[in-house]
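Worksheet: one structure, shown below.
None of these values were measured; they are calculated from a predicted model. Along the sequence shown, residues carry numbers from 1.
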Amino acid sequence: MQIQSKLAEALKNCGMTQTALAKILGIRQQTISHYIKGDIFPALDTLANLCAVLDLDANEILCLNDSGGTARAAKYNIGTLNNHGKIDMK
């Protein structure tokens, strides 16, 4: 899955170990390993913290782009994301 490879690549690019990242996030190194292997997916708050620490865009890590996300939202008439990252319902 692309999400795991993007996490692994970001970790490698920043030169940080899984242990160091885990310490910053207040979780176990094994948990970081599970994220990268795709065994588990981080909770949304942890994902937000991962993105902040690794300087990643959440849309990029989730393999989304603006046009795709907006197009899907419009297609299903569920709304669009506002500037605060929340869905404005139609």
Subject >> Nearest atoms (heavy-atom pairs only) where Phe41 meets Tyr35 >> reply: C-CE2, 4.0 Å
**OP:** Taking Asn49 for its side chain and Asp45 for its backbone only, find out whether a donor-acceptor pair lies under 3.5 Å.
**Re:** yes
Original post:
With Leu44, which residues qualify under side-chain contact (heavy atoms from CB on, under 4.5 Å), at least two apart?
Top reply: none
Original post:
When rounded to the nearest 0.5 angstrom, what is the spacing between CD in Gln18 and NZ in Lys12?
Top reply: 13.0 Å
Subject >> Derivation of the side chain to side chain contact (heavy atoms under 4.5 Å, CB included) call for Lys6 and Leu56 >> reply: CA-CA 9 Å; Lys6 287 184 181 288; Leu56 293 171; over 6 Å; no
Subject >> Minimum heavy-atom distance between Leu21 and Val53, given as atom pair plus value >> reply: CD1-CG1, 3.5 Å
**OP:** In sequence, state the C-alpha distance, the side-chain angles, and the governing distance for Asn13 and Leu54, and then conclude on side chain to side chain contact (heavy atoms under 4.5 Å, CB included).
**Re:** CA-CA 9 Å; Asn13 288 342; Leu54 298 175; over 6 Å; no
Original post:
Hey, mind stepping through Ile32 and Leu25 against side chain to side chain contact (heavy atoms under 4.5 Å, CB included) and telling me if it holds?
Top reply: CA-CA 10 Å; Ile32 299 291; Leu25 296 175; 4.1 Å; yes
Original post:
In Å, rounded to the nearest 0.5 Å, how long is the span from CD1 of Ile3 to CD of Glu60?
Top reply: 12.0 Å
Subject >> Separation of Gln30 CD from Thr19 OG1 (nearest 0.5 Å) >> reply: 8.0 Å
Subject >> Neighbour count above 12 (heavy atom, 6.0 Å) for Asp57 CG >> reply: yes
Subject >> Shortest non-hydrogen contact between Ala58 and Cys51, atoms and distance >> reply: CA-SG, 3.8 Å
**OP:** Taking all non-hydrogen atoms of both residues into account, name the closest pair between Pro42 and Leu47 and its distance.
**Re:** CB-N, 4.0 Å
**OP:** Could you walk me through whether Met16 and Ile24 pass side chain to side chain contact (heavy atoms under 4.5 Å, CB included), step by step?
**Re:** CA-CA 11 Å; Met16 191 180 301; Ile24 291 169; 3.9 Å; yes
